[in-house]
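These values consider heavy atoms only, across backbone and side chains, with no hydrogens, waters or symmetry-generated copies. Every number for a ligand or one of its atoms is a count from 1 in the order of the listing.
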Amino acid sequence: MRCFQSPLRFHSVVAIRLLCGLCFASAVLGASAKPAPAPLFTVADLDVGESATLKLHDGSQATVKLLDLKETRDSIRDAVRQAAVTVEVNGKSTHLVSSTYRLPVTFAGVQIDCPVTKGYVQKSSKENAWGLTKDARIRLWPAGSPWMEPGTFVYPAKQCWFATDTQMANVPVFVDGGEVPANKNIYYHYGLDFGGAEGLVDVVAAADGLVVSSGLEKLPGYDDSPVTPRYDVIYVLDERGWFYRYSHLYKIEDFVKPGQRVRMGQKIGILGKEGGSGGWSHLHFDITCRQPSGLWGILNGYAFIWEAYQRQYHPEIIAVARPHHLTWVGDTVELDASRSWSREGDIAKFEWTFCDGTSATGTRVRRTYEEPGEYNEILKVTDASGDIDYDFAVVQVIDRNHPNQVPPTIHAAYYPTFDLKPGDEITFKVRSFRTTEGSEVLDFGDGSPKVTVQSDGNANEHDPNGYAVTTHRYKAPGQYIATVRRSNERGHEAITHLQVIVTPR
Ligand SMILES: [Zn+2]
């Protein structure tokens, strides 16, 4: 991926902006003469054996039938790690894996994805966030259609793709040490978490809309809505009738008040770790709308942020080694790079470098771990033109004989992530979880001396000094891998990596 910032291209979505606040609200509710932009997809919630004929955005029709659902759970927490559906579309059948860094696929004259299945709403600590009462949710777009109407949606954080940890749709939360064997109630992360450096990353409005709540203030008249105000949260209602939540904000911009309108791309706050963040600094972003069940439910936005990032920043190549893994010592884990993407179509090379110093090639590789810890395996992808990108597969390994002795986890982030030049000062922020022993050791990956710092180990999740902070300047252009490590009192280590791209002046 190339982390260059190119100017946002604002297409004309002016009609709605010209309306006054009251008219805006009625436009959102569909009462105005101005047609509001419609979603480009059609949704169906289906039980196994059920079919539906759907009218697509372009007026065409498609018939979809849910043939089968297979949910695979891990042996540690009994959490769904993969949900696969078999669907028949216009008479042809195919398999789809639900969410967890998957994008819509083209099949049988449509594009299709499966945002959620029923296992993700059972034993969920967030109840039925998806508003799903059947076996699976299916979305269909016409073949060749964009996923979100161009000019109506942007990437909500001003930072590089996968700049640090993420928790995208339906992965159990893990960055803050949430994967605890004793806890069988799973927080499947329904929204999109963008890790980032606390207090430094701008959060922008993903779409035009009306601020319904900001901090503890809320507009009257939205009792039947997903809006639940909190001091660190903004809710914005867009012209599609979707509610956007921006959460854990370090700061909310002063103008963002209930009744105000925000423009797509406008700065509305700064990324932080407030509220129920678990102590790791990130933007929690989600979209809620009415679902086929009649309930409010999450709209899986991963495809939309992927598409928005592509439109705004034009990456050539993106490595994807996510989601993370949770395993017992001695069990086998399969790392999977198949979701990596190249503008040219094919990835020429998949190379892995492991924490134990060994390496491998291939789209999928199998590993076992002999010691508990948090591992972070390096994936390097290269296309035929020589474009390179890195991503990192997090593997949390637990000793089945001591399931309560959980190893530490670690979150690291840096800022800025775009347009870095030799000599620029870069701020690194690191914090460990599940241990207050030891210190974080940073290796910037350029041969410079290692730096030792000590975070609070998440002793107090909202501590403004909870992250340890250091700065570094790279002397020469390069695609660097920085490493951060910290061990607990048992010698179990957490390791993480960051990709830092420094381009010539
Ligand atoms: Zn979140």
**Item:** Partner set under ring pair (Phe, Tyr, Trp, His ring centres under 6.0 Å) for Tyr250, not counting sequence neighbours
**Value:** none
**Backbone or side-chain N/O/S of Asp286 under 2.8 Å of the Zn ion (ligand 1)** = no
**Complete:** For Glu274 and His462, the nearest pair of non-hydrogen atoms, with its separation, is C-NE2, 3.9 Å
**Request:** State, to the nearest 10 degrees, the angle whose vertex is the Zn ion (ligand 1) and whose arms point to NE2 of His189 and OD1 of Asp193.
**Result:**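 Rounded to 10°, it measures 90°.
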**Request:** Report the name of the N/O/S atom of His284 located nearest to the Zn ion (ligand 1).
**Result:**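 Checking each N, O and S atom of His284, the shortest distance to the Zn ion (ligand 1) belongs to ND1.
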**Request:** Determine whether the aromatic ring centres of Phe304 and Trp147 lie less than 6.0 Å apart.
**Result:** no
**All pairs passing ring pair (Phe, Tyr, Trp, His ring centres under 6.0 Å) where residues 116-139 contributes a residue, at least two apart** =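 Matches after skipping sequence neighbours: Tyr120-Tyr188.
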